[in-house]
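The block underneath contains the structure these notes are about, expressed in structure tokens.
Since this is a predicted model, take the numbers as computed values, not measurements. For reference, positions follow the sequence shown, starting with 1.
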Amino acid sequence: MLRVERAITRRQLADALGVHYQTVGYLERGEYSPSLHLALRIAEYFEVPVEVIFSTTPFPRIGSTPPA
């Protein structure tokens with residue numbers, strides 16, 4: 001979401017982080033867990049705490065309603 005909200009392409013983010021652009025796609029789809037170093041670099045890039053981006057529990061899906 002952060003990447004899309006800021007109009008950054010996967011390739012731009014990948015270049016800034018020094019990773020392959022497909023890695024960004026894998027991260028966004030939850031198909032890959034980053035190293036601690038990469039997670040911290042991503043948080044630093046977006047200037048947010050790492051907990052805003054990564055969590056040990058799944059985030060709710062966008063557009064889903066919370067359980068009552």
Side-chain angles (χ1 to χ4, degrees):
M1 273 181 73
L2 286 171
R3 181 184 64 76
V4 173
E5 286 175 352
R6 297 177 189 199
I8 299 166
T9 67
R10 285 184 180 157
R11 190 169 301 274
Q12 288 171 321
L13 179 57
D15 289 346
L17 299 172
V19 299
H20 194 276
Y21 75 92
Q22 288 179 327
T23 301
V24 175
Y26 294 141
L27 288 166
E28 291 179 346
R29 292 187 301 274
E31 297 173 4
Y32 172 74
S33 295
S35 66
L36 177 58
H37 185 253
L38 179 55
L40 291 170
R41 287 181 17 231
I42 294 168
E44 182 178 44
Y45 178 85
F46 287 111
E47 299 177 327
V48 297
V50 72
E51 297 86 2
V52 169
I53 305 172
F54 299 102
S55 174
T56 56
T57 57
F59 291 107
R61 296 202 51 90
I62 296 171
S64 65
T65 56

Could you see if L13 belongs to whatever hydrophobic cluster contains V4? Use Ile, Leu, Val, Met, Phe, Trp, Tyr and a side-chain cutoff under 4.5 Å. no
When rounded to the nearest 0.5 angstrom, what is the spacing between CG in D15 and NE2 in H20? 10.0 Å
Quick check for you: to the nearest 0.5 Å, what is the distance between I42 atom CD1 and L2 atom CG? 10.5 Å
Does the side chain of V19 reach to within under 4.5 Å of the side chain of L27, using non-hydrogen atoms? no
Check whether any side-chain heavy atom of I53 sits under 4.5 Å from a side-chain heavy atom of Y45, and report yes or no. no
Can you check whether F46's main-chain N or O pairs, donor with acceptor, with R6's side chain at less than 3.5 Å? yes
What are the two closest non-hydrogen atoms of V50 and A39, and how far apart are they? CG2-O, 3.8 Å
For atom CD of E28, is the number of surrounding heavy atoms from other residues, nucleotides or ligands below 6.0 Å larger than 12? yes
I want to check a possible cation-pi pair here: R10 against Y21, using under 6.0 Å from ring centre and within 45° of the ring axis as the test. no
Step through the shown structure and confirm whether more than 12 heavy atoms of other residues, nucleotides or ligands are within 6.0 Å of CD on E5. yes
